[in-house]
Amino acid sequence: LIHFYKRKMRWLAVLSLVLLLSYSSAHQSNEYAEIEENEFAEFDFDDEGDEFSQAKEEEEEFVDTVDEDDTEEAMVEDDTGNDFSHLTDTDEFINYPEKSEDSEEFTNEKKPSGKGSKGSGGGAGVPTLQYANIPLHLRSNWGNYYLEILMIIGIVVYFLNFFTGKSRNQKIANQWFSAHFGLLESQFALVGDDGSQNIEEIQEPINKESENIFTFWCSGRICCEGMLVELKLLKRQDLVGVIANTIKPAYDQLHIRVDMSAEDMDNFIFAIASKKSSLKLSKEMYDINTYCPERRAADKYGVQGPYFVMSEVAEVASAMIDSKLVSMFKKYPNVIDTIHFSDQFSGPKPTEDQQPMELPQGKKVLIFVFNLVDITPTGLEETAPLLQLVFYCIDKIKKYKLSRDAKAKSDKNRSKVSENHWRSIHTAKAEKAAEERERKRRERKERIKEIEDPEKQRKMEERENRKEKKKNAPKMKQLKVKAM
């Protein structure tokens with residue numbers, strides 16, 4: 001009986017469990033059915049409003065039941081029983097590094113407040129907040145602008161040097177002109193006439209071509225058409241030029257060019273110059289390079305120092321370098337740079353691609369180049385004998401006449417140069433014509449290749465070949481002989 005009773009209770013328990021599971025599954029299926037039937041349930045705001053109002057009522061009831069204390073700080077305990085702090089909450093610092101990479105660039109870091117640290121209990125895992133700071137004021141960071149400072153200093157120094165160098169060059173030119181104005185006025189009728197203005201309108205006799213070049217023109221003297229005086233001073237207004245002159249010293253120079261009359265000078269070319277200037281003349285000047293490129297040492301003529309003579313005719317060098325000129329070389333060493341006499345002066349030698357079609361017409365000129373070693377007022381006044389040397393050479397050139405052999409040699413050289421020039425011009429024209437014919441021949445061949453008809457193309461090629469053979473064939477003349 002007891003065994004039967006136990007069996008019965010076991011079946012009742014299994015049955016009750018089956019009923020309970022069936023009831024729960026039926027209830028869940030009813031809920032899913034209600035959700036599926038109501039497709040606009042997600043847009044129904046009535047329930048949400050009710051839930052919000054209900055939550056608000058519960059919050060008001062909670063506020064009413066809590067006693068507020070203004071003096072006591074609100075603390076929240078976490079699951080472990082420790083006080084909760086926002087500084088210890090890792091969710092507040094998502095993707096925030098423990099230490100900023102640029103933290104070393106800022107000096108005024110702000111520490112967390114004492115209350116926050118007290119609330120966190122001084123835990124080791126608390127990240128330190130980094131506050132981005134405004135850079136310190138410019139006055140305390142001059143080192144960060146050293147490039148700008150250097151540029152400003154360089155610009156200021158450049159402009160200061162420009163104005164001081166400009167004024168100094170102007171002062172040197174005025175002092176030289178004032179020291180020699182009396183001598184120039186005694187030799188020429190007009191001093192300061194540049195030919196572009198009326199004499200009455202000339203206010204400043206000396207013209208300023210640039211910040212370091214000053215010129216003036218003198219005219220009204222026998223044996224010459226005029227004299228151009230040019231002061232080529234150092235570029236003191238240019239800071240780069242000043243540095244270059246410090247590294248490689250140079251001198252201020254006085255250039256004098258005298259244009260001789262055609263009947264007052266024979267046909268010859270002569271030059272005496274320092275080693276550097278003579279090399280430059282023989283390479284760059286057309287008349288020296290064409291007629292007398294060979295350089296000879298000046299020791300043979302009694303001139304001491306590194307000077308070289310270039311002369312078209314040997315007797316001209318002996319006649320020009322007399323005792324007066326030798327004494328000037330001895331009295332003013334390193335002052336006389338170049339003395340150049342030429343009846344074929346046409347300037348620098350043209351380049352190969354700029355060959356003139358006509359023979360350059362030379363001018364009869366005397367060129368003097370002097371170094372201004374001493375630019376003090378006293379030193380500038382002591383250069384007066386150099387101007388007197390110029391006037392002495394003008395008068396000597398007028399009186400000097402070539403011998404018969406020297407004159408014949410001079411004329412022969414000029415005829416030879418003229419013949420070579422015209423031969424080179426003819427060769428250049430022939431080469432240009434040949435290039436033009438070759439270009440036209442290539443164009444004709446290109447046009448023949450563009451013809452699409454093979455038969456027509458073949459005929460054109462044959463015709464072109466016949467023309468070329470006819471041109472290349474030797475020309476023969478037919479002579480008619482009359483019967484006796």
Side-chain angles (χ1 to χ4, degrees), residues 146-180 204 206-216 228-257 271-286 288-289 293 295 298 304-308 310 329 332-340 345 347-351 354 367-383 386-387:
Y146 67 93
L147 288 177
E148 290 81 355
I149 294 172
L150 289 177
M151 290 179 63
I152 294 173
I153 292 174
I155 293 172
V156 172
V157 171
Y158 181 86
F159 278 101
L160 288 176
N161 177 79
F162 175 80
F163 290 110
T164 54
K166 172 185 174 183
S167 60
R168 190 178 181 192
N169 282 341
Q170 184 70 50
K171 184 178 179 181
I172 292 172
N174 293 334
Q175 287 177 351
W176 188 94
F177 183 77
S178 301
H180 301 88
E204 293 292 335
I206 188 167
N207 298 322
K208 183 178 179 181
E209 302 293 336
S210 65
E211 303 300 337
N212 64 307
I213 298 178
F214 302 87
T215 62
F216 62 92
L228 177 65
V229 180
E230 185 176 14
L231 282 167
K232 287 188 176 182
L233 306 179
L234 298 177
K235 294 183 178 181
R236 294 180 175 87
Q237 79 284 356
D238 186 8
L239 185 61
V240 179
V242 172
I243 297 173
N245 294 331
T246 304
I247 298 173
K248 188 178 180 180
Y251 296 113
D252 298 302
Q253 287 188 335
L254 172 65
H255 292 242
I256 299 176
R257 170 176 166 171
I272 178 171
S274 61
K275 182 178 180 180
K276 182 179 179 180
S277 299
S278 63
L279 186 63
K280 183 178 180 181
L281 287 174
S282 63
K283 288 184 177 180
E284 296 181 3
M285 303 307 293
Y286 176 76
I288 299 291
N289 182 268
R295 301 185 302 156
Q304 302 298 324
Y307 289 97
F308 290 85
M310 293 159 286
F329 275 102
Y332 296 95
N334 300 325
V335 173
I336 301 176
D337 185 75
T338 303
I339 296 177
H340 180 194
F345 182 79
K349 179 182 177 182
T351 58
Q354 295 179 351
I367 298 176
F368 303 84
V369 179
F370 304 120
N371 294 326
L372 300 178
V373 180
D374 188 3
I375 58 174
T376 60
T378 305
L380 294 176
E381 291 177 359
E382 292 177 353
T383 59
L386 299 176
L387 284 179

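The structure presented is a predicted model; accordingly, all values stated were derived computationally and were not measured.
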Work out which heavy atom in [X] is nearest to a heavy atom in [Y]; give both atom names and the distance.
X      : Y      : result
Ile375 : Ile172 : CD1-CD1, 3.8 Å
Glu382 : Tyr332 : O-OH, 3.3 Å
Ala298 : Ile272 : CB-CD1, 4.2 Å
Ser282 : Ile288 : CA-CG2, 3.7 Å
Leu387 : His180 : CD1-CD2, 3.6 Å
Asp374 : Gly379 : OD2-CA, 3.4 Å

Hey, could you give me the [atom1]/[atom2] distance between [X] and [Y], rounded to the nearest 0.5 Å?
X      : Y      : atom1 : atom2 : answer
Ser210 : Leu233 : OG    : CG    : 9.0 Å
Gln237 : Arg168 : CD    : CZ    : 12.5 Å
Thr215 : Lys232 : OG1   : NZ    : 11.0 Å
Ile155 : Leu160 : CD1   : CG    : 12.0 Å
Ser178 : Ile206 : OG    : CD1   : 8.5 Å
Leu231 : Leu254 : CG    : CG    : 5.5 Å

Look at the rings of Phe216 and Trp176 and say which category their plane angle falls in: under 30° parallel, 30 to 60° tilted, over 60° perpendicular.
-> tilted

Tell me whether [X] contacts the main-chain N or O of [Y] through its side chain, where contact means a donor paired with an acceptor under 3.5 Å.
X      : Y      : answer
Thr383 : Leu380 : yes
Asn289 : Met285 : no
Asn212 : Leu234 : no
Asn371 : Val373 : no
Asn161 : Val157 : no

Please name all residues satisfying ring-ring contact (aromatic ring centres under 6.0 Å, His included) with Phe368, sequence neighbours left out, ordered by chain then number.
->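 In terms of ring-ring contact (aromatic ring centres under 6.0 Å, His included), with neighbours along the sequence ignored, Phe368 is linked to Phe341.
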
Could you tell me which residues satisfy ring-ring contact (aromatic ring centres under 6.0 Å, His included) with Phe329, sequence neighbours excluded, listed by chain and number?
-> Tyr307

When you look at OH of Tyr251, are more than 12 heavy atoms from neighbouring residues, nucleotides or ligands closer to it than 6.0 Å?
-> no

With side chain to side chain contact (heavy atoms under 4.5 Å, CB included) as the test, would you mind laying out the steps for Arg236 and Asp252 before giving the verdict?
-> CA-CA 10 Å; Arg236 294 180 175 87; Asp252 298 302; 2.8 Å; yes

Yes or no on side chain to side chain contact (heavy atoms under 4.5 Å, CB included) for Arg295 and Leu279, after CA distance, side-chain angles and deciding distance?
-> CA-CA 8 Å; Arg295 301 185 302 156; Leu279 186 63; 3.9 Å; yes

Residues two or more places apart in sequence or in another chain: which of them pass salt bridge (charged side-chain N to carboxylate O under 4.0 Å, His left out) with Lys208?
-> Glu211

For side chain to side chain contact (heavy atoms under 4.5 Å, CB included), just list the numbers for Leu281 and Thr338, CA-CA rounded to whole Å, side-chain angles, deciding distance to a tenth of an Å, and then say yes or no.
-> CA-CA 9 Å; Leu281 287 174; Thr338 303; 3.8 Å; yes

Heavy-atom distance under 4.5 Å between the side chains of Phe214 and Asn207, does that happen here?
->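 In short, these two side chains do not touch, never coming nearer than 4.5 Å.
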
Flag the pair Leu228 / Ile256 as yes when at least one side-chain heavy-atom distance between them is below 4.5 Å, and no otherwise.
->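 Side-chain contact under 4.5 Å: no.
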
Side chain to side chain contact (heavy atoms under 4.5 Å, CB included) between His255 and Ile367, worked out | CA-CA 7 Å; His255 292 242; Ile367 298 176; 5.7 Å; no

